Amino acid sequence: GAVVSQHPSWVICKSGTSVKIECRSLDFQATTMFWYRQFPKQSLMLMATSNEGSKATYEQGVEKDKFLINHASLTLSTLTVTSAHPEDSSFYICSAISGNQPQHFGDGTRLSIL
Amino acid sequence: KQEVTQIPAALSVPEGENLVLNCSFTDSAIYNLQWFRQDPGKGLTSLLLIQSSQREQTSGRLNASLDKSSGRSTLYIAASQPGDSATYLCAVEPPNDYKLSFGAGTTVTVRA
């Protein structure tokens with residue numbers, strides 16, 4: 001149980017395009033979802049916290065107009081990287097929780113901007 | 001602000017040797033601490049979760065200890081196998097908040 005699916009697992013796109021990443025909780029309703037960014041050999045950095053039906057809360061230094069987060073249902077949150085540039089290339093991971101349970105993580109999305 | 005440090009950053013051992021991975025955190029006011037495994041290009045798999053009131057947790061060959069007052073946790077992996085090769089991350093959760101603070105991880109290579 002408690003499976004989180006992330007799609008796509010890998011995406012390559014041209015600079016200036018927008019990319020959408022989906023995070024789904026497959027067998028539970030996620031009251032809260034989290035989006036992390038991970039650079040090579042570095043720790044996961046929390047980007048934003050997403051609650052169903054409300055605006056996401058962004059961590060300091062994260063541009064909310066650059067990284068659009070939508071949490072339209074209890075099983076789906078999306079992260080859209082707008083006008084992506086090479087410096088946005090990274091590994092993005094989502095996680096989801098239900099109630100007081102620990103976070104369950106997706107398999108991540110490797111984003112490469114050319 | 002909570003800071004989590006993992007030393008060493010990388011570790012290479014021959015098969016069968018026991019592994020000792022260290023995690024330290026600056027703020028002892030934590031709700032729990034988790035150890036995760038991350039394979040290359042993959043997400044996180046939770047290994048062990050220790051509540052702040054606990055001293056250790058065990059699962060198979062894995063044992064994690066927690067000394068909250070000194071801000072330290074240690075993950076022991078007994079009789080290592082090549083399949084244990086991965087990056088191991090520790091993360092702490094504060095009270096009254098779900099936000100996790102992660103260490104940068106220890107990358108383990110077990111040589112056959």
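Letters A, B, ... are given to chains in the order of the sequence lines, protein chains preceding strands, and every chain is numbered from 1. The shown structure was predicted, so the numbers you read here are calculated from the model rather than taken from an experiment.
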Exercise. Please report the closest heavy-atom contact between A:Ser43 and B:Gly103, naming both atoms and the distance.
Key: CB-O, 2.9 Å
Self-check item: Hphob cluster co-occupancy, A:Tyr92 + A:Val11, side-chain heavy atoms under 4.5 angstrom
Solution: yes
Quiz item: Quick one: what part of B:Leu44 sits under 4.5 Å from any heavy atom of chain A, side chain, backbone, both or neither?
Solution: both
Quiz item: Same cluster for A:Leu46 and A:Phe105 if Ile/Leu/Val/Met/Phe/Trp/Tyr side chains link at under 4.5 Å?
Solution: yes
Quiz prompt | Which portion of B:Gln38 sits near chain A, non-hydrogen atoms under 4.5 angstrom | solution = side chain
Quiz prompt | Joint cluster assignment, B:Val110 & B:Ile77, ILVMFWY side-chain distance < 4.5 Å | solution = yes
Quiz item: Could you give the distance from OH (B:Tyr98) to CE (A:Met33), rounded to the nearest 0.5 Å?
Solution: 14.5 Å
Quiz item: According to a 4.5 Å side-chain heavy-atom criterion applied to Ile, Leu, Val, Met, Phe, Trp and Tyr, with indirect links allowed, do A:Val19 and A:Tyr58 form part of one hydrophobic cluster?
Solution: yes
Quiz item: Looking at side-chain heavy atoms only, is the closest gap between A:Phe34 and B:Leu100 below 4.5 Å?
Solution: no
Quiz item: For B:Glu93, is it the side chain, the backbone, both, or neither that has a heavy atom closer than 4.5 Å to a heavy atom of chain A?
Solution: neither
Quiz item: Is it the case that more than 12 heavy atoms not belonging to B:Arg61 sit under 6.0 Å from its CZ atom?
Solution: yes
Practice problem: Determine whether more than 12 heavy atoms belonging to other residues, nucleotides or ligands lie under 6.0 Å from atom CZ of B:Arg72. | Solution: no
Quiz item: Do the non-hydrogen side-chain atoms of B:Phe36 and A:Gln103 ever get within less than 4.5 Å of each other?
Solution: no
Exercise. Measure A:Leu44 against the heavy atoms of chain B and call it side chain, backbone, both or neither at under 4.5 Å.
Key: both
Quiz prompt | Heavy atoms of other groups near A:Lys20 NZ, more than 12 under 6.0 Å | solution = no
Self-check item: Pairwise distance OG1(A:Thr57) to NZ(B:Lys99) - rounded to 0.5 angstrom
Solution: 7.0 Å
Self-check item: Winner by heavy-atom pair count (cut-off under 4.5 Å) against chain B, out of A:Gln38, A:Met45, A:Arg110, A:Gln6
Solution: A:Gln38
